[in-house]
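Below is one structure, written out as structure tokens; comments come after it.
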Amino acid sequence: MAAAACRHRGATGDGAKTFVLLLAAVLRGLRAAGGAGRALPDFERRVLEPAAALGLRRHLLSAFPGEEAEPRVDLAALEALLDAYLRGRVGPGERRRLARLCREYLGRCAARRPPALRLLGRHFEALHAAVPGLPLDGSAVLPGVVLRRDFAAYSPASGAAGAVVVTEPLHAGPSAPGVELVVGSEGQYEAARRWCEARTEAAVKRLRSSNVGLLLSSVKQQDVVIYYAKLYGVSVVECLSSEEVALVREITGVSPYSPFGDNGCSEITDTAAVTFCRPLLLGSKRYAHIGFASSACAFQPHCLVLCGPVDGVNEQHAAAVQGAFTMLQQLFKTVDGREECRSKGESQSDASDVCSRHSSATQKQLTVENIYCNSNQVSEHQLKTHRGETDTQIVDSALKGSENPAGIQTASQIPSNPASHSEELNVPCRGAGSSTDAQKPHAKCEHSGEMHKGYESDLPVDNQKNYGTAVLTTDNANTVTVCERLDVGKDLEKASCGIIPFKHEEGCVSVAQNYSSSIIEAGSVLPVGGYFEILLHYYIQYYAKQLQQSAVTVISSVVADALLIIPKSLHGTTEGNSFAKFYLKTTNALRKNQPLPVNEKGLESVYCKYQLVISVLHCVTELLSIDLIIGVKRPLQKIEDNDSDDDL
Amino acid sequence: MSRLEAKKPSLFISDPLTKDTVSQSLSLLNRILKSCYGPAGRLKQLHNGVGGYVCITSQSSAILGRLSVSHPVLKVLTASVQNHIARFSDCGLFTAILCCSLIENFKSLHVPSCTVIKISKHLLSLCTDYLKSEACGCRVSVDFSNLKTLLCLARSILTSKPACMLNATEVDHLAMLIVKAFMFTIPCHVETKAVLGKCVTVPVKGRRVLDSTVLPGLLIETPEIQFAKLLSVKRISSDTIKIALFCVSMSGDLFNPEEGTITVHHRISLEMSELNQLLNVGKQLVNDEVGLVVCQKVIHPSLKQYLKENQVMAVDRAGLSVMEPLSQMTGSKPIASIHSFSPSCYGSLKDVCTKSFGSKHFVHLIPNDTVVCSLVLCNRNETAWDELKRACETAEHVLQLTIKEPLALLGGGCTESHLASYVRYKTCSLSTSSFKDADCSQTQYQLIADAFCRSLESVACSLSHDDEILTDMVYGHCWLVPSGFPSVSNWSDLLSKCGCGINSNTQNLNWRLLQPHFGSPTIQSCPKEPSVDAADLLTLDCFAAKYSGLQVAVETANLILDLSCIIEDQN
């Protein structure tokens, strides 16, 4: 489990904790349901994908400003994404500051697209410098690259000249390890040594005459080299780490210069353009601060200087920032739908009924408007019956119920309160109730028209009853409600304008209406705080209901319930049972086709989230197919060839 | 084959701050550091039970570097303070005491840590904004055309280190030397980017402090025998001596580990050939009218003899540390080749002479441009000398920091108590929107603000170890009551000057005891800025160091308060 969680985190930069929580919840649920793991692939294909592609996507926002041909992350969305990402990784005092710094860094590096983000992620080790002992406020973004070495030789005139990278010593003596020098006379030996030094001098001279003012060396150069470099006004930085050399090579496109590789006369052409080159004092250490004119890609190299009271804090911040780059790369990925699923969605009945409805609704304005009117009627109708004082009552009693089981009874026995709602408010109160009996409530929960009846008596008494299935019944809605839900496109967009603050300014578009073949489009984001899980929970149940197959429906309810563990854990840390309130508000909004009640500025990548669910399900499948664990005494070695069965 | 040991499970400690061991060690550390604080601080003797070196000190850099701290929470705290010291040299004790007090005070409030962190961040920004603003009543600007403030800064640092064992005359003498040495390091001709020179400390132990002195240029220690032989040196003109600086060995040694095998035919001596080459170098130096040769490594005796015969002074084994200042002050480039070198590498000196202090003999290199100087530091014994050296280095660093930001803070506890009264004044007149921003109640806010102020005041209170300490309600400064008087007597009869020395007891300032207890009264108006101009004998603290120390202390306290568990790998 831990390895799978780490693998997932390594790939997406996020979600290790969520992974473990969700995995554990799914496994618990499956055990309680008596095991139905075999139907997982089926569930993924028939329920999860439609739920994401048709249900979830209507709520998604885009982090890309629409008008550009090549997508890049919108600046306001970037800060919202970073802020949410850093929330779980750095202390509450530093989070906002670090998110802002990170946004500034990405902006100035011009790294809001995948190639530059990948480069940042790969080379962040060399692109940041940590300064312990300074307050966090000292952190800054500096142009250029800060090499973690002082100049071995520095001449101020060497800025605005070229730079070369060397990976071998510029000076070699007359003999070398493994080479035997036979000396025939004193003069010969002296001449040989003189020649060697002259060769070094010529090499440095040649650098200067090729307008190279900076020598970047991955190895330590001998004193003679430094001496000649000083004499001819060439700055030298030596002992660079392999990361630094790799970074310089990548951003400038130069390859290491071999001093004795050619005839030694021609001008050196493979040089990197340097805009400035100066010593930099950070903390109590001196570094070489070098500006490169970027050549390779649009990437503008900058250095992130992280200050913190102790090294550990800086390391934590650097790791969080580097993880954020990986996370941001995921934003540009799409989850593609399968061919079979799509064709089925268009032609088959049952679940595809909804699909076709949806596609037609998005394609034909007329239908949309028609349905829109319908839904308006429904909403109004529901408003009359449920809204107002009943709603607050429900919330109150739900809260009471969380402490006192008896409260449930009072809650569900409110006269004239529609059953669908009273059931739902019980959900949070039960906590992680196990779905021991999935079929029974399903049978009971047949709806009768627009109102649900007859639950006041059984539900509250039976504590064992699964809340998930109770919710399921409410989804057993008539066609009108379906239409109402399908219609959210316009409605949501309109409403969420007011909710997501950057929307107006930066033009964050709701992707709800442009339907394409992918399940989740690039750039899709949702507010953080469990909205993804609640939405997926809701739509999984919705689409599962269209199926007759029992194994898949069982899994659907297990996964749907398991998903709730995430918002539950998120809201569990704050005082009181705010999860109940949150759950109720969100599902109510969903049912009434209202915009999600979001008071959250942070955003998260839906691709990461969806991938996490898929990874968890794959991990579950893998775990469930293990039937025996054999402990062995000695550590297992990675076996290269496969013919080692006799080792057992 | 390596032995396989069973892997130990990691140690998990939840809510480390609620554990007794942590609070006990934290309060012990706090008490140790508090008792060291200020001119009347108690000394600590640090030694290993096995024997060896004994360190007597009251400086945080020496204590924290030698103290073994085992608990992870305390490790974070000490590491944080040590990093601060590495950067600023000064205000280590201030940072450490403030951080410990903040943790202790905040912890006892039983307010959720995220609220504490948010509010303390806000209070910190209140302080830093105030310190940076023109209206700040506890800072003075430093005038570099007048040495008085610089002397005050240096004197304050020396007096706050009682383990240096200095009397008032010695403090004045050393403060003057430190400022003089600092003045030497400021380049006369400033180009676009000024780079400060270097002050090299030369240890002379077992002599009186008043024998300490500052000399322009460098002192290179030489053995006595050689000292006697130093003859007159060849000069270009009456005040110019050409100098050549070598960073390669001139011993004629052939051994070079990086090279491979050398097969030598019979009757060929490479040593002779090498020595010949060295003598060629000597010839070139003589021809070029070089008067002084300094080599980082060893010079062959024959070459030395040859140079001496030609009135060229040769100093060898100079060591790596003098190479950079030497090259800086003479303008010479260290030569790394004995086969070819150009005359452009030579530098120049004004004069060379010999000096001796006690039993030590030195060659004194006097430059034209005095950007490098030597501080000959004397003290009676080794332990006191070490302490004095740390103090002088701190003072030099503080002056360097001050030239970057020409400000100083009032010392003697006045900055802390003034800041505390400012925060108290500001927070009692806070709008309700501030509480909403921080997501807390007004009571919570007041509690946290009070704990913050008490922590600041407890630093000021650490200055007094027996005596009573007061604060006034007008300037918010800190006043020390001389010991031996009953606490009930009329305070205005006993007090003469406040901690920093800027306010005298001329009016009734409405004193109260400065006790870091809950619920101190707030003053009705913003604490005033003293009307007097910088007087002669002020106690001043480094602005940059205290400003950063304040931030580091609050941030470290927040970091520690935010710890909800510790997972320790025991393998």
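Below, chains carry the letters A, B, ... as their sequence lines are ordered, and counting in each starts from 1.
Proximity to chain A is absent for every atom of B/Asn558, based on heavy atoms less than 4.5 angstrom apart. Neither the backbone nor the side chain of B/Gln82 has a heavy atom closer than 4.5 Å to any heavy atom of chain A. Heavy atoms of A/Glu180 lying under 4.5 Å from chain B belong to its backbone as well as its side chain. For chain A, the nearby parts of B/Ser342 are the backbone and the side chain; heavy atoms of each come within less than 4.5 Å. A/Val131 does not touch chain B: none of its heavy atoms, backbone or side chain, sits under 4.5 Å away. Of the atoms belonging to B/Phe341, heavy atoms from both backbone and side chain fall under 4.5 Å from chain A. For B/Ser337, the parts lying near chain A are the backbone and the side chain together; criterion is any non-hydrogen pair under 4.5 Å. Proximity to chain A (any heavy atom under 4.5 Å) is restricted, for B/Leu559, to the side chain, taken from C-beta onward. Of the two parts of B/Glu271, neither the backbone nor the side chain holds a non-hydrogen atom closer than 4.5 Å to a non-hydrogen atom of chain A.
Within a 6.0 Å radius of CZ in A/Arg87, more than 12 heavy atoms belonging to other residues, nucleotides or ligands are found. Other residues, nucleotides and ligands contribute over 12 non-hydrogen atoms within 6.0 Å of the NZ atom of B/Lys333. Heavy-atom contacts from other residues, nucleotides or ligands closer than 6.0 Å to CD of B/Glu324 number 12 or fewer. Counting non-hydrogen atoms of other residues, nucleotides and ligands closer than 6.0 Å to NZ of B/Lys75 gives a total above 12.
Between the side chains of B/Gln277 and A/Arg193, no donor N or O sits under 3.5 Å from an acceptor N or O.
Using a 4.5 Å heavy-atom threshold, the side chains of A/Tyr227 and B/Cys345 count as touching. Counting heavy atoms from C-beta outward, B/Ile262 and A/Val183 have side chains that approach closer than 4.5 Å. By the 4.5 Å heavy-atom criterion applied to side chains, A/Pro92 and B/Lys118 are not counted as neighbours. Looking only at side-chain heavy atoms (C-beta outward), A/Tyr189 and B/Ile268 stay at 4.5 Å or farther from each other. At least one side-chain heavy atom of A/Val310 sits under 4.5 Å from a side-chain heavy atom of B/Asn83. Residues B/His265 and A/Val182 meet the side-chain proximity criterion, which asks for heavy atoms closer than 4.5 Å.
Across all non-hydrogen atoms, the minimal contact from A/Pro309 to B/Ser80 is CB-OG, 3.1 Å. What you find for B/Ser340 and A/Glu197 is that their closest heavy atoms are N-OE1, 4.3 Å. Summarising the geometry of B/Glu274 relative to A/Glu190, their closest heavy-atom pair is OE1-OE1, 3.8 Å, with the distance given to 0.1 Å. B/Cys247 and A/Asp223 get closest at one heavy-atom pair: O-OD2, 4.2 Å.
Annotation: maximal heavy-atom pairing with chain A below 4.5 Å, among B/Ser269, B/Cys114, B/Ser344, occurs at B/Ser269. Of the listed residues (B/Thr556, B/Ile117, B/Thr95, B/Val81), the one with the most heavy-atom contacts under 4.5 Å to chain A is B/Ile117. When the candidates B/Ile335, B/Ile338, B/Val76, B/Asn276 are compared by the number of heavy-atom contacts under 4.5 Å with chain A, B/Ile335 comes out ahead.
Under the 4.0 Å criterion applied to side-chain N and carboxylate O atoms, B/Lys121 and A/Glu94 are not assigned as salt-bridge partners.
Considering B/Glu555, B/Gln551, B/Arg87, B/His84 as possible partners of A/Leu134, the one that fulfils the side-chain contact (heavy atoms from CB on, under 4.5 Å) test is B/Arg87.
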